[in-house]
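Everything on this sheet refers to the single structure shown next.
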Amino acid sequence: MTPKRSLYITLSGYFALIILLVLWHGFIFPANKQPWLILAFIIAPLLFPLRGLLRETPYTYAWTSFVILLYFMHGVVEVWANANERIFAAIEIYLSIQIYIGAIYYARLQGRALKKESGHN
């Protein structure tokens, strides 16, 4: 796998997850009369790494893999607890795994490439 391919895997999953969460919790199954408040808490952790992801910073990709585990856990709980929303939770699990794998590979491969460029072993 190349760094660019892992970059595309991560970013496509990342933006797809944001869209999924907005549609799921904002429009399809809003939690209460103010779904935007809950949606803000759900989306906020995803927005922290956005700048570093777009700048292709390997360090950001490394710690994003930890942040994305929150969404994996949320998806697993929703699959187990909510039969009506099971398909959305399953998609959240899939996208979380996609982002996790892509981010880990990008951080690893791009980190190695940058070390080679700088002349470090």
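Numbering starts at 1 and runs along the sequence shown. Side chains included, hydrogens not; waters and symmetry mates left out as well; all remaining heavy atoms used.
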Worksheet, complete the sentence: d(Leu70 CG, Leu46 CG) to nearest 0.5 Å is 9.0 Å
Discussion item. Determine whether Phe72 and Tyr100 satisfy the following criterion, side chain to side chain contact (heavy atoms under 4.5 Å, CB included), listing intermediate values before the conclusion.
Written reply: CA-CA 9 Å; Phe72 176 79; Tyr100 181 82; over 6 Å; no
Worksheet entry | Side chain Thr2, main chain Arg5, donor-acceptor under 3.5 Å | yes
Practice prompt. Taking the side chain as every heavy atom from C-beta outward, state whether Phe15 and Leu50 have any pair of such atoms under 4.5 Å apart.
Written response: yes
Practice prompt. Provide the closest heavy-atom pair for Pro58 versus Leu114 in the form atom of the first, atom of the second, distance.
Written response: CG-CD1, 3.8 Å
Worksheet item: Quick one: CD1 on Ile99 to OG1 on Thr64, what's the gap to the nearest 0.5 Å?
Response: 9.0 Å
Worksheet item: Do Tyr61 and Leu7 have side-chain heavy atoms sitting under 4.5 Å apart?
Response: yes
Discussion item. Ring centroids only, cut at 6.0 angstrom: are Trp36 and Phe27 within range, meaning strictly under it?
Written reply: yes
Item to complete: Please say whether more than 12 non-hydrogen atoms of neighbouring residues, nucleotides or ligands are located less than 6.0 Å from OH in Tyr94.
Response: no
Discussion item. Could you tell me if Ser12 and Gln98 have a donor-acceptor pair between their side chains, going purely by distance under 3.5 Å?
Written reply: yes
Worksheet item: Looking at Lys4 and Glu56, does any basic side-chain N land under 4.0 Å from a carboxylate oxygen?
Response: yes
Item to complete: Find the distance between CD1 (Ile18) and OH (Tyr71) and round it off to the nearest 0.5 Å.
Response: 8.0 Å
Discussion item. Tell me whether Tyr14 at atom OH has more than 12 heavy atoms from other residues, nucleotides or ligands lying less than 6.0 Å away.
Written reply: yes
Discussion item. If I compare all heavy atoms of Ala89 with all of Gly75, which pair ends up nearest, and what's the gap?
Written reply: CB-O, 3.5 Å
Fill in: Exceeds 12 heavy-atom contacts within 6.0 angstrom, atom CZ of Arg86
yes
Response to the item:
Scanning both residues in full, the closest heavy-atom pair of Leu109 with Pro3 reads CB-CG, 3.8 Å
Practice prompt. List the steps and the verdict of side chain to side chain contact (heavy atoms under 4.5 Å, CB included) for Met73 and Val77.
Written response: CA-CA 6 Å; Met73 291 186 298; Val77 169; 5.5 Å; no
Discussion item. Are there over 12 heavy-atom neighbours, none belonging to Phe29, within less than 6.0 Å of that residue's CZ?
Written reply: yes
Worksheet item: Nearest 0.5 Å, what's the NE2-CD1 distance between His25 and Ile42?
Response: 4.0 Å
Item to complete: Under the side chain to side chain contact (heavy atoms under 4.5 Å, CB included) rule, what do Phe88 and Leu23 come out as? Steps first, then yes or no, please.
Response: CA-CA 10 Å; Phe88 298 103; Leu23 291 175; over 6 Å; no
Discussion item. Please evaluate residues Trp63 and Phe48 with respect to the criterion side chain to side chain contact (heavy atoms under 4.5 Å, CB included), reporting the C-alpha separation (whole Å), side-chain torsions for both, the decisive distance (0.1 Å), and the verdict.
Written reply: CA-CA 11 Å; Trp63 66 262; Phe48 289 120; 4.2 Å; yes
Fill in: Polar side-chain atom of Tyr105 near backbone of Met1 as donor-acceptor pair, under 3.5 Å
no
Worksheet item: Side-chain contact, heavy-atom cut-off 4.5 Å: Trp24 with Ile91?
Response: no
Practice prompt. Please name the pair of heavy atoms, one in Ser65 and one in Ile104, separated by the smallest distance, quoted to 0.1 Å.
Written response: OG-CD1, 3.5 Å
Worksheet entry | Side-chain (Thr10) to main-chain (Ala103) donor-acceptor, under 3.5 angstrom | yes
Discussion item. If hydrophobic clusters are built by linking Ile, Leu, Val, Met, Phe, Trp and Tyr wherever their side-chain heavy atoms come under 4.5 Å apart, do Ile68 and Leu47 end up in the same one?
Written reply: yes
Worksheet item: Measuring from Leu17:CG to Ile93:CD1, what's the distance to the nearest 0.5 Å?
Response: 11.5 Å
Practice prompt. Quick one: pull up OG in Ser96 and CD1 in Ile101 and give me the separation to the nearest 0.5 Å.
Written response: 11.0 Å
